[in-house]
Amino acid sequence: MKPSRPMNNQSSTLLMISSIYTSLTKAEKKVADAVRNNPEEAMMATVTDLSEQAKVGETSVIRFCRRLGFRGYHEFKLAIAQDLVNLQSFPDSQIVESDDHQAIACKVTMKNEQMLKHTLDLINMLELKKAVSAMLAASKIYIYGVGSSGITALDLHYRLMRIGMNAEVHRDAHIIAMSASLARKDDLVFGITTSGSTRDLVDPLRQAKQNEATVITLTSHMRSPITNYADTVLLVPSKEMPLEGGALSTKIAQIHLLDILCTILMMEKDTARESIEKTAKAVADKLY
């Protein structure tokens, strides 16, 4: 099973709570809500204090900490403290009706800046390294995404094509299903889905896994159904509400992580520079 916490130098516990929230038990969600609603108080609370705030037993608090990958409650509190230090760098970016255009521009910029920082905090370097190695070793890479994630899939395909990797992209659910059914052992399937619960992606990735293809998924939910079939999970933050599908802030996080991934691929692929030069020359005469 994939690690529940990112292997990174800085804590991102509050982000990880959001990424696994839907997979928590009812009691664990009560603990998660208590922590997210008032992390400062949770940082100072004893196990008994937090269990009383969440209206659950102390064992539920301990189970919650272990679900996040901590050995105990004290280690969990230290991580929350580190989160609070990092969060102080970002002022409130909530937009209100009284904001003028300048204020809106500033708050949107701060929100996107925060998403980039959170994306870095969530990167699991071991998973990233696995993704790079698998993509360099694959005979062919199939990139899948539907809806807004399909736009992100197009961008990844463009980046991989520029460095000379054998890749194709599909955004139609029927074509994705047929493509995945033909994936072979030496192939790699890269599925992009914010929720991790889109059947148009989950079912094809399961089929590809059954065909022994390597599977990578980019998602915002660590314990979502699609991660059950992924050899590697690349996690990005998301604050999308049900009516905000395709929020640009989430796409910025996705593109940022893919930029990091593709930059590493370019550095490690022997023929990448040659491919970039060839593709650049191929379109040179399209410019005035």
Trainee: Taking the six-membered ring of Y21 as reference, does the NZ or CZ atom of R36 fall below 6.0 Å from its centre and within a 45° cone about the axis?
Mentor: yes
Trainee: Using the rule that Ile, Leu, Val, Met, Phe, Trp and Tyr join whenever any side-chain heavy atoms are under 4.5 Å apart, tell me whether M178 and V215 fall into a single cluster.
Mentor: no
Trainee: Should L182 and I141 be counted in the same cluster of Ile, Leu, Val, Met, Phe, Trp and Tyr side chains packed under 4.5 Å apart?
Mentor: no
Trainee: Answer yes or no: is there a donor N or O on one side and an acceptor on the other, between the side chain of D49 and the main chain of T46, under 3.5 Å?
Mentor: yes
Trainee: First locate atom CD1 of I123, then atom CG of L235, and finally report the distance between them rounded to the nearest 0.5 Å.
Mentor: 10.0 Å
Trainee: Just by modelled atom types, is the A27 backbone N or O under 3.5 Å from a matching donor or acceptor in the K55 side chain?
Mentor: no
Trainee: Return the set of residues passing side chain to side chain donor-acceptor pair (under 3.5 Å) with K278 (not counting sequence neighbours), or none when no residue passes.
Mentor: E274
Trainee: Run the side-chain donor-acceptor check on residues 160-169: report pairs under 3.5 Å with partners two or more places apart or on a different chain.
Mentor:
| residue | atom | partner | partner atom | Å |
| --- | --- | --- | --- | --- |
| R162 | NE | T279 | OG1 | 2.9 |
| R162 | NH1 | Y158 | OH | 3.4 |
| N166 | ND2 | S139 | O | 3.2 |
| E168 | OE1 | K140 | NZ | 2.6 |
| E168 | OE2 | H170 | NE2 | 2.6 |

Trainee: Between atom CG of L234 and atom CD of Q254, what is the distance when rounded to the nearest 0.5 Å?
Mentor: 11.0 Å
Trainee: State the OG1-CD1 distance between T13 and I80, to the nearest 0.5 angstrom.
Mentor: 5.0 Å
Trainee: Answer yes or no: is there a side-chain heavy-atom contact under 4.5 Å between D231 and K209?
Mentor: yes
Trainee: Can you measure from OG1 (T152) to CD1 (I255) and round to the nearest 0.5 angstrom?
Mentor: 5.0 Å
Trainee: Ignoring hydrogens and geometry, is there a side-chain-to-backbone donor-acceptor pair from S133 to K130 under 3.5 Å?
Mentor: no
Trainee: Could you walk me through whether L14 and V35 pass the side-chain contact (heavy atoms from CB on, under 4.5 Å) test, one step at a time?
Mentor: CA-CA 8 Å; L14 295 174; V35 173; 4.0 Å; yes
Trainee: Using a strict threshold of under 4.0 Å (side-chain N to carboxylate O), is an ion pair present between D33 and K30?
Mentor: no
Trainee: Measure the shortest side-chain to side-chain distance between L261 and L258 over non-hydrogen atoms and say whether it is less than 4.5 angstrom.
Mentor: yes
Trainee: Test side-chain contact (heavy atoms from CB on, under 4.5 Å) on M135 and I216; report intermediate values, then the result.
Mentor: CA-CA 9 Å; M135 293 175 76; I216 296 175; 3.9 Å; yes
Trainee: Whether R159 and D155 form a salt bridge (side-chain N of Lys/Arg under 4.0 Å from carboxylate O of Asp/Glu) is what I want to check.
Mentor: no
Trainee: Pairing donors with acceptors under 3.5 angstrom, does anything connect the side chains of S23 and R67?
Mentor: yes
Trainee: Any donor and acceptor pair, going by atom type alone, linking the side chain of Y144 with main-chain N or O of A180 inside 3.5 Å?
Mentor: yes
Trainee: Where is the tightest heavy-atom contact between V146 and T198, given as atom of each residue plus distance?
Mentor: CG2-CG2, 3.9 Å
Trainee: Between T219 and T194, is there a donor-acceptor pair closer than 3.5 Å when you use the side chain of the first and the backbone of the second?
Mentor: yes
Trainee: Between L122 and V236, what is the shortest heavy-atom contact and its length?
Mentor: CD1-C, 3.8 Å
Trainee: Are the side chain of D99 and the backbone of V96 linked by a donor-acceptor contact shorter than 3.5 Å?
Mentor: yes
Trainee: Between S60 (side chain only) and E28 (backbone N and O only), is there a donor and an acceptor less than 3.5 Å apart?
Mentor: no
Trainee: Do F70 and L78 have side chains that approach each other closer than 4.5 Å (heavy atoms only, starting at C-beta)?
Mentor: no
Trainee: For the residue pair L136 and K269, establish whether any side-chain heavy-atom pair is separated by less than 4.5 Å.
Mentor: yes
Trainee: Could you tell me whether the side chains of N211 and Q207 share a donor-acceptor contact shorter than 3.5 Å?
Mentor: yes
Trainee: So do S197 and H221 actually touch side chain to side chain, heavy atoms under 4.5 Å?
Mentor: no
Trainee: For T217 and G191, indicate whether the former's side chain and the latter's backbone hold a donor-acceptor pair under 3.5 Å.
Mentor: yes
Trainee: Sequence neighbours left out, what passes ring-ring contact (aromatic ring centres under 6.0 Å, His included) with Y142? Give chain and number order.
Mentor: none
Trainee: Please report the C-alpha distance between I264 and K129 in whole Å, then the side-chain angles of each, then the deciding distance to 0.1 Å, and finally whether the side-chain contact (heavy atoms from CB on, under 4.5 Å) criterion is met.
Mentor: CA-CA 9 Å; I264 297 172; K129 184 177 180 179; over 6 Å; no
Trainee: Which value, rounded to the nearest 0.5 Å, describes the distance between I192 atom CD1 and L257 atom CG?
Mentor: 10.0 Å
Trainee: Donor-acceptor pair, D187 side chain versus A213 backbone, under 3.5 Å?
Mentor: no
Trainee: Any idea which heavy atoms bring C262 and L156 closest together, and the distance?
Mentor: SG-CD1, 3.7 Å
Trainee: For the residue pair V132 and E268, establish whether any side-chain heavy-atom pair is separated by less than 4.5 Å.
Mentor: yes
Trainee: Do you see a donor-acceptor pair shorter than 3.5 Å between the side chains of N124 and E127?
Mentor: no
Trainee: If you measure only the distance, is there a donor-acceptor pair under 3.5 Å linking the side chains of K251 and S249?
Mentor: no
Trainee: Identify the two heavy atoms, one from L205 and one from Y229, that lie closest to each other, and give their separation to 0.1 Å.
Mentor: O-CB, 4.2 Å
Trainee: Quick check on the hydrophobic clustering: are I62 and M44 connected, directly or via other members, by side-chain heavy-atom contacts under 4.5 Å?
Mentor: yes
Trainee: Under a single-linkage definition using a 4.5 Å side-chain heavy-atom cutoff for Ile, Leu, Val, Met, Phe, Trp and Tyr, are I276 and L265 assigned to the same hydrophobic cluster?
Mentor: yes
Trainee: Could you check if a side-chain atom of L50 sits within less than 4.5 angstrom of a side-chain atom of F64, using non-hydrogen atoms only?
Mentor: no
Trainee: Got more than 12 heavy atoms from elsewhere within 6.0 Å of CD, E40?
Mentor: yes
Trainee: In terms of hydrophobic clusters joined by side-chain contacts under 4.5 Å, are I151 and L201 together?
Mentor: no
Trainee: For the residue pair A34 and A54, what are the closest heavy atoms and their distance?
Mentor: CB-CB, 4.1 Å
Trainee: What is the minimum heavy-atom distance between C65 and Y73, and which atoms define it?
Mentor: SG-CD1, 3.7 Å
Trainee: To the nearest 0.5 angstrom, please state how far the OG atom of S149 sits from the CG atom of L154.
Mentor: 11.0 Å
Trainee: Check the pair I176, S179 against side-chain contact (heavy atoms from CB on, under 4.5 Å), reporting the backbone distance first and the verdict last.
Mentor: CA-CA 5 Å; I176 288 173; S179 173; 5.7 Å; no
